[in-house]
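Start at 1 with the first residue, then count along the sequence. Just so it is clear, the values below take in all heavy atoms, side chains as well, and ignore hydrogens, waters and symmetry mates. Whatever order the structure lists ligands and atoms in, that order sets their numbers, starting from 1.
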Amino acid sequence: MRNDLLSRVKRIVIKVGSGVIFGQDGLDLEVIGALSRDICTLLSRGYEVVLVSSGAVATGKGDLGIVGRPPTIPLKQAAAAIGQSRLMRAWKDAFRPCGRCVAQILLTRDDLANRRRFLNARNTLMTLLEYGVVPVINENDTVVVEEIRFGDNDNLSALITSLAEADLLVILSDVDGLYDSNPKTNPAAKRFSVVERITEEIEKMAGGAGSVVGTGGMSTKIEAAKRATLYGIGTIIVDGRQAGVLPRVVEGEELGTLFLPVRQHMTARKHWISFTKTSRGKLLVDKGARRAVMEKGKSLLPSGIFAIEGKFDRGDAVRICDVDGIEFAKGIASYSKQELDRIMGRNSSEIEAILGYKYGDEVVHRDNLVVKK
Ligand code: GLU
């Protein structure tokens, strides 16, 4: 299973956590050096690599006299502003001996939620890969506000897999994959070598909180794995401090935990609607509409909508909820909130008479709609 999956891999997104590259005395240049050599080995074997590196906040916070996590967002942003250039410098120096160039890409959720900017970012990424440059991606911490934050680089890296059209996501962590209980407190904890499907039980096992330096714990890693596997990409969570970890992983050695891709995965566009685009509103629909969407694979029509929340334009993403307000799908609205206020509950054949124009019969077309699994 592992070897079969790995034999088809060419482009890899590698996420490196702060817990891996940041030690007691700051950035751990030895680890960064070892990982860079590993990546160069992969590149020389014909793989393409996109690196997602955390560590900006951890690297910069000492200069502000902060011990532990920065207590406020402005302090975190200031720490990132100090640390990001140092982080890039460390990667740049580490890749120099093998003659590779690195390039910094800083992103916010907004950059990827806007389809045009998403495609632009993709073009940049593809050009860098074509020229053999190693893109080093991080969240643009210094400018983000809560609504446009990825929040943690685990989730960012999962979205990058679709941006980069990658075949594999490797999350380098300070734990060697998913265990049935906490390996730091329970020596008898058992590691899962392969996870076929990320069930609720698996999600529960991942528990909460992470390390002091990074943002995510195991739970954000599982979330990321879920997102990537839904896109049809295998994900490996592995201890990033083991010697030669990356070549060993791609050669099929049983390190860490491999999460298998979902067989009937989403298209890139549906994945983007589902995970990258932020919802701006809510449509509450009756039972008939819910059934049509969920069981019959139909589009959402105005007749089934009985309430609307939020403020959104045509082209924005909205949550589609049942009579109890529980979300069961998400999609792109073909009409704005103002337009929908006038046509909800009405038959599609009445739209033109009410508005004086019509974009189509559907409020959310099936092609722009993703049902929650
Ligand atoms: N963007 C943050 C940094 O570079 C890391 C976020 C995370 O730990 O996931 O410090």
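- Proximity to D152 (heavy-atom distance under 4.0 Å) selects the following atoms of ligand 1: 9 (O).
- At least one N or O atom of A56 sits closer than 3.5 Å to an N or O atom of ligand 1.
- Of the heavy atoms in N153, both backbone and side-chain atoms come closer than 4.0 Å to ligand 1.
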TODO: Please step through side chain to side chain donor-acceptor pair (under 3.5 Å) for the pair Q84 and N138, ending with a clear verdict.
DONE: CA-CA 9 Å; Q84 181 61 29; N138 198 358; 3.0 Å; yes
Open item on the list: Working note: T108 + D111, criterion side chain to side chain donor-acceptor pair (under 3.5 Å); need CA distance, chi angles, decisive distance, verdict.
Closed with: CA-CA 5 Å; T108 67; D111 296 326; 3.2 Å; yes
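- Partner of C321 under the side chain to side chain contact (heavy atoms under 4.5 Å, CB included) criterion, out of E327, R290, E309: E327 alone.
- At a heavy-atom distance under 4.0 Å, only side-chain atoms of D141, from C-beta outward, approach ligand 1.
- Listed by atom number, the atoms of ligand 1 under 4.0 Å from S54 heavy atoms are 4 (O), 5 (C), 7 (C), 8 (O), 9 (O).
- Note: no N/O pair closer than 3.5 Å links A58 and ligand 1 by distance alone.
- Put simply, no part of A80 is less than 4.0 Å from ligand 1, judged by heavy atoms.
- Some N or O of N138 is nearer than 3.5 Å to an N or O of ligand 1, by distance alone.
- Although no hydrogens or angles enter the test, the distance criterion places a donor-acceptor pair under 3.5 Å between the side chain of D152 and the main chain of N155.
- Distance check: L35 CG to F95 CZ gives 8.5 Å after rounding to the nearest 0.5 Å.
- Other residues, nucleotides and ligands contribute at most 12 non-hydrogen atoms within 6.0 Å of the OH atom of Y131.
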